[in-house]
*Asks:* 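Just dropping this structure here.
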Amino acid sequence: MTAFFQQWMPYDWAWALATICGILLIALPLMLAVAMIIYVDRKVWAAMALRRGPNVVGPWGLLQSFADGLKVFLQETIVPSAANKGLFLIAPIITFTVALMAWAVIPFNSGAVLADINVGLLYILAISSLGVYGVIIAGWASNSKYPFYSAMRASAQMISYEVSIGFILICVVMWAGSFNLNTIVHAQQSHVGPFNGFVFNPLLFPMWVMFLISSMAETARTPFDLTEAESELVAGYQTEYSSMSFALYWLGEYANVLLMCALNAVLFWGGWLPLVDWAPLYWIPGWLWLFAKIFMFFFIFSWVKATVPRYRYDQLMRLGWKVFLPLSLLFVVLVSGWLMLKRYGV
Amino acid sequence: MIQVFAFYLFAALTCIAGAVTILARNPVHSVLWLILAFFNAAGLMVLAGAEFIAMLLVIVYVGAVAVLFLFVVMMLDIDFAELRAGFIRNFPLGLLLAVVLLVEMGVGIGAWSVGGITLGTPDGSAATPAGASNIEAIGMLLYSKYLFLFEAAGVLLLVAMVGAIVLTHRQRSGVRGQNVSRQIARRPDEATVNVKPEIGQGVTL
C-alpha cells in the first residue's frame, strides 16, 4: 500500500498513511465482527437451551448488538465516589486497546499483514500478557471487594496459563523454525500428506487441544470464567462499571476471544491456507479460509460455554500447573528430540 | 525523522515514568508508573534494533514480574504516614546508593569509550550480524560459545526456585483435598452398596 501512496507524496508520509489505512482496515471490520459475534454467541446459547435468542431487532435479530450498543452509549457513566477516578476510567481503555493491538501481526493472506515482524509470536505473547492489567486495575480502582477478588483471581489465572501457552508455542516455533506468523503458516503447507496444518501432526495434535483449552482460560471463557462468576462475585471486575466503560470491556473481551480463535487457526490449522493442499481450493481467497476457521473456533467456544459448568478455583490451578505445565514441557522435549533425530540428524 | 521523534517520545516517557515511580504517594500508582517505564524502555530497545530483548522485557517484566508486584502491593495495608516517616532516616543510604550507581555507570561508559570492551561497534550502531535475525544471532551465541554459562544460569534458577518452594511450603495435615484420579477411577459398583440393616441397627459407612 505504501507504494500506492508514494505516487503522490514522499516515502515517510506514504508509509504513515498506509499504516493508518491498514489499522483502519483491520480495526473497523474487527469491531463489526465483534458486534456480529456477540449475536452469534447468544444465538448458539439459545439454540442449546431450546430458546429463540435475539429475534426482534432487525431481520432475525441481526441488529441486536447495535441496539445494545446504542443503549449503553446513551446511559449515564457512573463513577463510584470512593473509586480511584483516573485509574477507574483508564482500565477499560487499556483492555480495549490491548485487545486491538495484537491484531497487527495476524496474517490475513500471504503478505497481507500490517506488521510483518520476525518476533510476531513473541509480540502476541507480550500483548496478551498486558491484557490482565485492565482487569487488575479495574478491580483495585473500583475500591469494592468483589471486583478486588476478581482482579486477584484474574492475575493468578492469566499468569498460570501463560506459562503452558509459552511451552505450547515453543513446540510450534521449533517445528516451523520461525517466530514470524506468516512463515509459520507457510511451514504448514502440506505438512502431513496433503493436509495443511500442524494439527494433523500426531506430535502437535495434543498441543492444539491444550492450546484450545488454555486459550479459553486465557480469555476467561466459561469453564474458567471465575473472574466474573456471578454466583460468587456479582459481576467480577465489571461490577462498578456502567455505560460505555462497561461496553469497552465487553468489546475488548470478544475481540480477545476472536484473537485466540485466529491464533488457533494460524498456529495449528494452517491460517489462510485451505485445509487440503489441492489447487482448486486455492481459488477461494485466503482471508475467507481464515475467517471460516476463526468462525469454527468461535462456534466451539460458545458451544463449550453453553455446555459445561464453571471450574472451582483450585481445580483451575491444578489443571494449569499440575496437568498442562508438565505435559507441555514433556512435549517440548518430545518435539525437539524428534526434530533433532529427523530434521537435523544427531 | 520518525525514529528521532519516537526516540525522544520513548526516552522522555521513560524518564518521567521513572521519576513519578519514586515520587508517587500511592504504592500502587508507583508500580503502574514503573510498568509504563518498562514499556517505554522496550520501545527504546526496538529502536536500537534489539526487538527480541524488547519483547522479552515486556513478557517477563511487564507481564509477570510487575503483575506479582502489583498483586502484593494491592493486598498490603500500607500506612502512608509511617512510610514517609522513614524518609529522612534512610535518605543518606539512598543517596549513597545513587552515587554508587552513577559511578558504576560512569566507569562503564568510560571503559567502553576508550575501547576497553568491545560491545557493539565503536560508532554506537547496533552490531547485529548481517542476514541473521535477532533471535537467531542470540541463539547461535547462547548455544555454542556461552553454552556452559547458559546452562549454569538455568540450573542456578532452578535451584533458586526449588529453594523458594521448599522454604515456604508447609505440609498441613488434616486437610481433605480432592484426589482427581481416584474420583475418575471410581465405578458405580464400588460407589454404591446395598444393605439391609436389622431393626434398631444402623449402617456402618
Side-chain angles (χ1 to χ4, degrees), chain A residues 10-13 15-16 19 84 86-87 90-91 94 98 105 115 117-133 135-137 139-141 143 148-149 151-160 162-163 165-166 169 173 177-180 183 312 314-315 318-319 322-323, chain B residues 1-6 24-29 31-33 35-36 38-39 42-43 45-46 49-76 128 132-139 143 165 175-181 183:
Chain A
Y11 177 78
D12 283 2
W13 290 98
W15 177 82
T19 308
N84 196 316
L87 289 179
I90 286 175
I94 293 177
V98 164
V105 293
I117 54 179
N118 61 14
V119 286
L121 208 49
L122 283 175
Y123 172 82
I124 286 197
L125 268 182
I127 294 302
S128 72
S129 67
L130 286 179
V132 72
Y133 281 108
V135 176
I136 298 184
I137 294 173
W140 184 78
N143 205 355
F148 191 59
Y149 281 137
M152 290 201 283
R153 282 183 179 189
S155 48
Q157 179 177 338
M158 297 214 181
I159 288 182
S160 309
E162 246 156 45
V163 179
I165 284 186
L169 296 187
V173 165
S178 171
F179 275 95
N180 182 306
T183 317
R312 214 172 54 211
D314 61 315
Q315 292 170 330
R318 178 184 167 274
L319 186 70
K322 291 188 180 173
V323 181
Chain B
M1 203 275 282
I2 195 140
Q3 282 94 338
V4 176
F5 175 74
R25 293 270 165 106
N26 192 327
V28 174
H29 291 181
V31 176
L32 290 173
W33 282 107
I35 291 163
L36 188 65
F38 280 148
F39 204 69
M45 301 254 190
V46 171
E51 71 269 5
F52 181 63
I53 304 291
M55 291 302 146
L56 283 198
L57 188 73
V58 175
I59 293 172
V60 176
Y61 282 92
V62 179
V65 175
V67 171
L68 292 179
F69 274 5
L70 206 58
F71 201 74
V72 172
V73 167
M74 281 195 317
M75 284 195 285
L76 291 177
T128 316
S133 78
N134 237 292
I135 302 170
E136 283 167 17
I138 290 176
Y143 288 98
I165 293 172
V175 182
R176 300 197 330 161
Q178 183 185 18
N179 189 340
V180 175
S181 52
Q183 285 182 340

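Note on naming: letters A, B, ... go to the chains in the order of the sequence lines (proteins, then strands), and numbering restarts at 1 for each one.
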*Asks:* Which atoms of I159(A) are under 4.5 Å from chain B, going by heavy atoms: the side chain, the backbone, both sets, or neither?
*Replies:* side chain
*Asks:* Around F39(B), counting heavy atoms of other residues, nucleotides and ligands shown, do more than 12 lie under 6.0 Å from its CZ?
*Replies:* no
*Asks:* Measuring heavy-atom distances to chain A, does A66(B) have an atom under 4.5 Å in its side chain, in its backbone, in both, or in neither?
*Replies:* both
*Asks:* What is the distance from atom CD1 of I136(A) to atom CG of L70(B), rounded to the nearest 0.5 Å?
*Replies:* 5.5 Å
*Asks:* Measure distances from L130(A) to the heavy atoms of chain B and classify the residue's part below 4.5 Å as side chain, backbone, both or neither.
*Replies:* side chain
*Asks:* If you draw a 6.0 Å radius around OH in Y149(A), do more than 12 non-hydrogen atoms from other residues or ligands fall strictly inside?
*Replies:* no
*Asks:* Is it true that, when you exclude F52(B) itself, more than 12 heavy atoms of the residues, nucleotides or ligands shown sit nearer than 6.0 Å to its CZ?
*Replies:* yes
*Asks:* Relative to chain B, which of A156(A), A126(A), S129(A) shows the most heavy atom pairs under 4.5 Å?
*Replies:* A126(A)
*Asks:* Side chain from CB out, backbone as N, CA, C, O: work out which of these in I35(B) comes under 4.5 Å of a heavy atom of chain A, or both, or neither.
*Replies:* side chain
*Asks:* In Å, rounded to the nearest 0.5 Å, how long is the span from CG of L122(A) to CG of L56(B)?
*Replies:* 6.0 Å
*Asks:* Would you mind reporting whether E51(B) and N118(A) have side-chain heavy atoms less than 4.5 Å apart?
*Replies:* yes
*Asks:* Judged by atom type as modelled, is there a donor-acceptor pair below 3.5 Å linking the side chain of Y133(A) to the main-chain atoms of V62(B)?
*Replies:* yes
*Asks:* Side chain, backbone, both or neither: which part of I127(A) has a heavy atom under 4.5 Å from chain B?
*Replies:* neither
*Asks:* So how far is it from I90(A) CD1 to L32(B) CG, rounded to the nearest 0.5 Å?
*Replies:* 8.5 Å
*Asks:* Using side-chain heavy atoms (C-beta onward) and a distance below 4.5 Å, is Q178(B) in contact with R318(A)?
*Replies:* no
*Asks:* List the steps and the verdict of side chain to side chain contact (heavy atoms under 4.5 Å, CB included) for H29(B) and L87(A).
*Replies:* CA-CA 9 Å; H29(B) 291 181; L87(A) 289 179; 3.6 Å; yes
